[in-house]
Amino acid sequence: MIKAVRGTRDLLPPDTALWNFVERKVREVFARYNYQEIRTPVFESTELFSRGVGEETDIVSKEMFTWEDKARAASEKTQSLTLRPENTAGVVRAYIEHELGRSGLLQKLYYIGPQFRRERPQKGRYRQFFQIGAEVIGPQTAGSELPMRDAEALDMLTSLMDAVGLKGWTLYLNSVGCQECRPRYNQALREALAGVKDKLCSDCQRRAETNPLRVLDCKVPEDQDIINALPKIAEYLDEGCRTHFAEVCAILDTLGVPYQVNPRMVRGLDYYTRTTFEFTHGELGAQSAMLGGGRYDGLSEQIGGPKAPGIGFAIGEDRLVLALQAQQTEAAEPLPAFVMPLGKGTNRHAMKLARELRSAGIAVDVSDESFRLKKSFETAEKLGAKYAVIVGENEVAADAFNVKDLKSGEQKTIARAELAAFLAG
RNA sequence: GUGGGUAUAGUUCAAUGGUGGAACGCCGGUCUGUGGCACCGGAUGGUGUGGGUUCGAGUCCCACUACCCACCCCA
């Protein structure tokens with residue numbers, strides 16, 4: 001049997017109803033904040049990610065699906081392509097390529113789509129997974145660098161959590177500084193780590209060399225006291241970064257958006273500057289990060305574009321759905337009516353009635369005249385239909401149909417002309 | 001990439017080394033124009049793949065693969 005490949009999966013009904021529910025709420029809420037949809041290609045030139053996301057990150061160094069696309073003609077070039085492991089780089093590439101900054105306006109863009117990383121699958125982690133993301137990017141004259149943009153994105157996210165009805169999340173907030181002050185912090189951290197490294201876990205000893213910031217993320221209990229005593233990023237932020245972060249927090253306080261500053265929260269992508277954040281949820285097991293994001297004031301230049309500060313986030317849609325399922329969110333709509341032909345030659349009459357009801361905007365499904373009425377009722381029950389509409393010879397002759405409420409068992413005869421209105425009400 | 005666990009019917013699970021079962025689901029009937037209940041009957045796998053041990057292997061051993069969980073990392 002041919003099966004879905006490792007780390008990929010089929011999303012089947014009734015689960016897809018929940019996915020659709022989430023995506024519908026996303027579009028509604030994001031539209032209220034004046035975001036518009038962007039769709040970028042699923043694969044891009046490998047260079048976009050190595051330059052944008054960062055050569056040293058785990059994503060680029062070992063998790064990308066990359067292949068050499070061979071030249072098929074003398075005029076073609078061989079090029080290295082990669083299935084996108086995230087979508088921010090693609091959006092910024094499109095921003096640069098289409099010179100969106102020339103409008104002078106802030107670009108408020110969102111996307112929904114599959115991303116690909118070659119990791120070992122586990123709960124909430126798949127090789128093809130879905131992200132819902134948004135980016136606010138533009139020239140500084142459009143206000144792209146302002147703390148209120150950061151706050152607005154977070155405000156929008158809490159609105160989305162409310163709209164989908166998700167409870168039990170926590171928003172962690174931090175600032176990782178900028179090109180100027182982060183290197184100074186990194187240096188201080190390395191120096192501090194040099195003294196205590198031997199007392200830390202083996203992972204941390206490795207991280208102290210390769211990526212000191214990651215040490216802050218360590219969860220080994222014995223390491224915690226030592227890590228808490230390390231220098232804090234907040235103490236190293238320069239004046240601009242410090243006031244920026246303070247203003248983000250002040251706006252969130254005014255809006256009543258609940259958050260926790262977590263000076264130890266670090267993010268794995270190189271492009272983040274200043275504000276970073278993460279929403280976690282307790283139902284997600286080890287992959288507790290349900291969404292993450294932050295500011296990336298230098299990304300555009302990093303990949304050859306103009307200065308275009310921005311802030312964005314990505315929601316792990318798979319994880320959001322998992323969290324909603326854990327709290328038993330039901331999204332499937334019941335089928336309003338099941339049309340049941342009864343007796344030889346009634347299929348066509350049932351089809352005609354179904355067509356009329358569907359044109360009137362009512363979702364219906366149709367049984368078959370060869371079914372005994374009992375079987376039609378059983379099928380209606382299994383489909384979760386609200387009403388059963390019998391189309392037998394008597395009904396066809398009278399042009400009025402027996403309609404039964406499947407929950408109460410109540411049954412009445414309704415004329416063809418009134419049927420759609422009755423089912424809709 | 002590393003570690004642990006698991007792999008038997010559509011699903012959830014049974015089966016002291018001795019002819020593979022149950023429940024639910026599915027199909028039909030009791031019941032030819034009125035479902036949910038009940039009863040009766042039926043179909044469905046040869047045990048993830050490949051080797052080995054044995055008179056005999058879901059059952060023991062080895063390898064591989066897949067899935068789950070965790071590490072790592074991230075959404």
Side-chain angles (χ1 to χ4, degrees), chain A residues 1-9 12 53 57-63 84-88 112-133 157 201-204 206-207 210-211 214 217-220 265-269 272 276-281 284-294 312-323 338 340-344 346 367 369-385 387-396 401-411:
Chain A
M1 198 200 320
I2 300 175
K3 297 194 288 188
V5 307
R6 185 171 172 77
T8 71
R9 56 192 187 140
L12 305 171
V53 176
T57 60
D58 279 24
I59 293 176
V60 171
S61 65
K62 50 191 189 199
E63 296 174 0
R84 61 185 186 197
E86 58 95 60
N87 218 322
T88 300
I112 300 175
Q115 318 292 336
F116 307 86
R117 291 182 200 173
R118 199 181 180 294
E119 298 181 274
R120 188 129 166 206
Q122 69 186 75
K123 184 177 183 184
R125 192 170 78 183
Y126 309 98
R127 291 184 168 191
Q128 173 175 313
F129 59 104
F130 291 81
Q131 284 190 337
I132 296 166
L157 281 166
C201 69
S202 55
D203 278 328
C204 282
R206 177 177 50 77
R207 286 185 282 229
T210 58
N211 193 350
R214 289 240 77 91
D217 225 10
C218 178
K219 290 160 199 104
V220 176
M265 188 188 64
V266 289
R267 317 241 71 244
L269 285 69
Y272 285 120
T276 59
F277 56 87
E278 200 169 278
F279 280 58
T280 64
H281 196 280
L284 297 176
Q287 308 304 315
S288 64
M290 188 171 63
L291 73 88
F313 59 80
I315 304 169
E317 189 174 5
D318 307 75
R319 294 180 185 179
L320 177 54
V321 167
L322 267 175
F338 191 53
M340 312 194 305
L342 178 67
K344 209 162 163 22
T346 52
S367 183
E369 66 187 32
S370 73
F371 288 9
R372 290 190 325 187
L373 197 54
K374 174 186 165 72
K375 182 172 167 180
S376 283
F377 269 108
E378 283 170 353
T379 306
E381 178 72 18
K382 281 180 209 161
L383 290 174
Y387 290 101
V389 179
I390 299 170
V391 182
E393 282 144 23
N394 303 340
E395 283 81 359
V396 172
F401 305 90
N402 269 321
V403 179
K404 185 167 186 177
D405 182 322
L406 286 165
K407 202 168 251 163
S408 69
E410 204 181 324
Q411 182 166 321

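Scope of the values below: all heavy atoms of this structure, side chains included, with no hydrogens, waters or symmetry mates.
- In this structure, the salt bridge (charged side-chain N to carboxylate O under 4.0 Å, His left out) partners of Lys62(A), at least two apart in sequence or on a different chain, are Asp58(A).
- Every side chain to side chain donor-acceptor pair (under 3.5 Å) that Arg319(A) has, sequence neighbours left out, goes to Gln287(A).
- Of the possible polar contacts, none joining the Glu317(A) side chain to the Phe130(A) backbone as a donor-acceptor pair under 3.5 Å is found.
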Task: Under 4.0 Å protein heavy-atom contact, by nucleotide of nucleotides 39-50 of chain B - B base, S sugar-phosphate only - done: ------------
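- Comparing C31(B) with C69(B), their P atoms are spaced 50 Å from each other, to the whole Å.
- A donor-acceptor pair under 3.5 Å is absent between the side-chain atoms of Arg214(A) and the main chain of Cys204(A), judged by distance alone.
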What's touching nucleotides 31-33 of chain B from the protein side, N or O pairs under 3.5 Å?
unit_1	atom_1	unit_2	atom_2	d
C31(B)	O2'	Arg372(A)	NH1	3.0
G33(B)	OP1	Leu373(A)	N	3.1
G33(B)	O6	Asn394(A)	N	3.1
G33(B)	O6	Asn394(A)	OD1	3.2
G33(B)	O6	Asn394(A)	ND2	2.7
G33(B)	N1	Glu395(A)	OE1	2.9
G33(B)	N1	Glu395(A)	OE2	3.3
G33(B)	N2	Glu395(A)	OE2	2.5
G33(B)	N2	Asn402(A)	ND2	3.3

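- On the P atoms, G3(B) is 47 Å away from A43(B), given to the nearest whole Å.
- Annotation: G48(B) and C13(B) have their P atoms spaced 15 Å apart (nearest Å).
- Partners of Lys123(A) under the salt bridge (charged side-chain N to carboxylate O under 4.0 Å, His left out) rule, at least two apart in sequence or in another chain, do not exist in this structure.
- For the strand RNA chain B, secondary-structure stems (runs of at least three Watson-Crick or G-U pairs, all distances below 3.5 Å) span B:1-7 with B:65-71, B:10-13 with B:21-24, B:26-30 with B:38-42, B:48-52 with B:60-64.
- Using a 4.0 Å heavy-atom criterion, one finds that Lys344(A) contacts no nucleic acid atom at all.
- With both ends at atom P, the span from U16(B) to G58(B) equals 13 Å, rounded to whole Å.
- With sequence neighbours left out, the side chain to side chain donor-acceptor pair (under 3.5 Å) criterion links Arg207(A) to no other residue.
- The separation of U59(B) from A14(B), taken at their P atoms, amounts to 16 Å, rounded to a whole angstrom.
- Against the 90° criterion about 0, the sugar-base torsion of G46(B) places it in the syn range.
- Remark: Glu278(A) pairs with Arg267(A) by the salt bridge (charged side-chain N to carboxylate O under 4.0 Å, His left out) rule, at least two apart or across chains.
- Checked against ring-ring contact (aromatic ring centres under 6.0 Å, His included), Phe279(A) has the following partners two or more places apart in sequence or in another chain: Trp169(A).
- Base orientation for G52(B): anti, the chi torsion being more than 90° from 0.
- Residues forming a ring-ring contact (aromatic ring centres under 6.0 Å, His included) with Phe116(A) (at least two apart in sequence, or on another chain): none.
- You'll find the side chain of Ile315(A) reaches within 4.5 Å of the side chain of Leu157(A), heavy atoms only.
- Residues Tyr272(A) and Val266(A) are not in side-chain contact: their nearest non-hydrogen atoms beyond the backbone lie 4.5 Å or more apart.
- Only one option out of Leu342(A), Ile390(A), Val389(A) pairs with Glu395(A) in a side-chain contact (heavy atoms from CB on, under 4.5 Å); it is Ile390(A).
- For the C1' atom pair drawn from C68(B) and G52(B), the interatomic distance equals 28 Å after rounding to whole Å.
- Only the C1' atoms considered, C37(B) is 45 Å distant from U49(B), to the nearest whole Å.
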Task: Per-nucleotide protein contact string for nucleotides 68-75 of chain B (B base, S sugar-phosphate only, - none; heavy atom under 4.0 Å) - done: -SBBBBBB
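- Atom P of nucleotide U34(B) and atom NZ of Lys404(A) are separated by 9 Å, given to the nearest angstrom.
- Glu119(A) pairs by the salt bridge (charged side-chain N to carboxylate O under 4.0 Å, His left out) definition with Arg125(A), not counting sequence neighbours.
- In this structure a side-chain-to-backbone donor-acceptor pair under 3.5 Å is present from Thr379(A) to Lys375(A).
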